[in-house]
Amino acid sequence: MPGFELFGEAERKEVHDVLDSGVLMRYGFDGLRQGHWKAKDMELAIQKRFDVQHAQLVSSGTAAVSMALAAAGVGAGDEVIMPTFTFVASFEAIMMTGATPVVVDIDDTLTLDIASVKAAITPKTKAIMPVHMCGSMANLEALKSICDTHHLLLIEDACQAIGGTYKGKSLGTIGDLGCFSFDFVKTVTCGEGGGVITNNTTYAKYLDHFSDHGHDHVGHDRGAETHPFLGYNFRISELNAAVGLAQFRRLDAFLDLQKKHYSILRHAIEPIDGVTFRTVPEGGVESYAFLNFFLDDLETARGVIQSFKANGIDACFHYYDNNWHYIRKWEHLKDKKSLYPLSQDLKNGLNDLKDKDFSKSDHFIGRNISCLIKLSWTEEKAHQRAELMANCIKNTIG
Ligand SMILES: *Cc1c(COP(=O)(O)O)cnc(C)c1O
């Protein structure tokens, strides 16, 4: 997945364009910038590649999710349904708007479980936010149908699955809004950065203004711009966008490599009795950023990950024992350890998190191992790794 592995001449050239003019900001300074608009160019490239009308680059993936929610009018008093298995950014982004994250189980897709989503809907529910974890997607057709029935927003977190598709459409373009991260470890990196995409022109305008203090971006005198509504600063810098522009142009090459390396690993472990793979919803094509597989039980998964570590197989994760990506270790959220007071609404909403039964998620995450697919491997290295992984698994299963 990490695009940084293939940082090279193309990225350096784009950055140098920016350094040559010295215009590090994405807006204004038209005369000084010598025709270079890196953030704007990357937005156009995203629109074209994903066949979507609008793209807004911002400072991070977390900011992208917050902005998507804000643009769609989600805030205090609203509930947003999100999965137990995701990066901590998901609840951070929801809580930033004042809304309450409602954490629900995942299934063998490693994304939102449809029955659990239905059971979690209340009169306060405003949005459902599937997170397409580790390169594959939620059952978007089922979620869209729930959203239509209950008049809810569908906001896709595609931060870990850029380039994946569902029924022929790019992930991120199926919901009302879609979000990407371009942080340092994502498939396409800006160093730090994020993006929101949408086909809704009103949301696009809100994203454009909101990410830049609510400035209305009318005319050529920034100081004279007015503020139709309150905003914030979630701008991306032109230097970061320059890196991302070069990286994004390489997306298809990156996806080809991911698929090639993923297939080599999968092929090697597929025949092993006791290894099964995550379910990819019908019509879905993974981005192949990770290879995810299940073992028979928690102890076997723990044994396999230990064996991987002992044999130098890095970048594989047993998320059950991981502090960042699974509800089990989100103590700071369950204990509501905020530096500043949270609203009573939000506190009430988080109250039941501590004792809520997530055994359904435990059943899948406890048995799951996620292996990052690297871009920098040679084919030979991928084969060696695949063989070593297969041996570790076989020896552990016994
Ligand atoms: C990386 C990531 C984010 C946040 O992105 P940042 O750019 O690091 O803020 C959000 N959601 C998921 C699923 C991620 O993996």
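In listed order, ligands and their atoms are each counted from 1. In this text the structure is predicted, and so the values were computed from the model without any measurement.
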So what's ligand 1 close to, N/O to N/O, under 3.5 Å?
unit_1: ligand 1; atom_1: 5 (O); unit_2: Ser181; atom_2: OG; d: 3.2
unit_1: ligand 1; atom_1: 7 (O); unit_2: Gly61; atom_2: N; d: 2.7
unit_1: ligand 1; atom_1: 7 (O); unit_2: Ser181; atom_2: OG; d: 2.7
unit_1: ligand 1; atom_1: 8 (O); unit_2: Asp183; atom_2: OD2; d: 2.6
unit_1: ligand 1; atom_1: 9 (O); unit_2: Gly61; atom_2: N; d: 3.4
unit_1: ligand 1; atom_1: 9 (O); unit_2: Thr62; atom_2: N; d: 2.9
unit_1: ligand 1; atom_1: 9 (O); unit_2: Thr62; atom_2: OG1; d: 2.5
unit_1: ligand 1; atom_1: 11 (N); unit_2: Asp157; atom_2: OD2; d: 2.8
unit_1: ligand 1; atom_1: 15 (O); unit_2: Gln160; atom_2: NE2; d: 2.9
unit_1: ligand 1; atom_1: 15 (O); unit_2: Lys186; atom_2: NZ; d: 3.2

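With contacts defined as side-chain heavy-atom distances shorter than 4.5 Å, the pair Arg222/Asp212 qualifies. The shortest side-chain heavy-atom distance between Leu375 and Gln258 falls under the 4.5 Å cut-off. When side chains are defined from C-beta on, Met67 does not count as touching Tyr206, because their heavy atoms never get closer than 4.5 Å.
Of the listed residues (Ile106, Asp107, Leu112, Asp108), just one forms a side-chain contact (heavy atoms from CB on, under 4.5 Å) with Leu110, and that residue is Ile106. Here the rule is side-chain contact (heavy atoms from CB on, under 4.5 Å) with Pro130, and of Asn139, Leu143, Ile81, Asp157 only Leu143 fits it.
Pairs passing the side chain to side chain donor-acceptor pair (under 3.5 Å) check and including a residue from residues 388-398, sequence neighbours excluded, do not occur.
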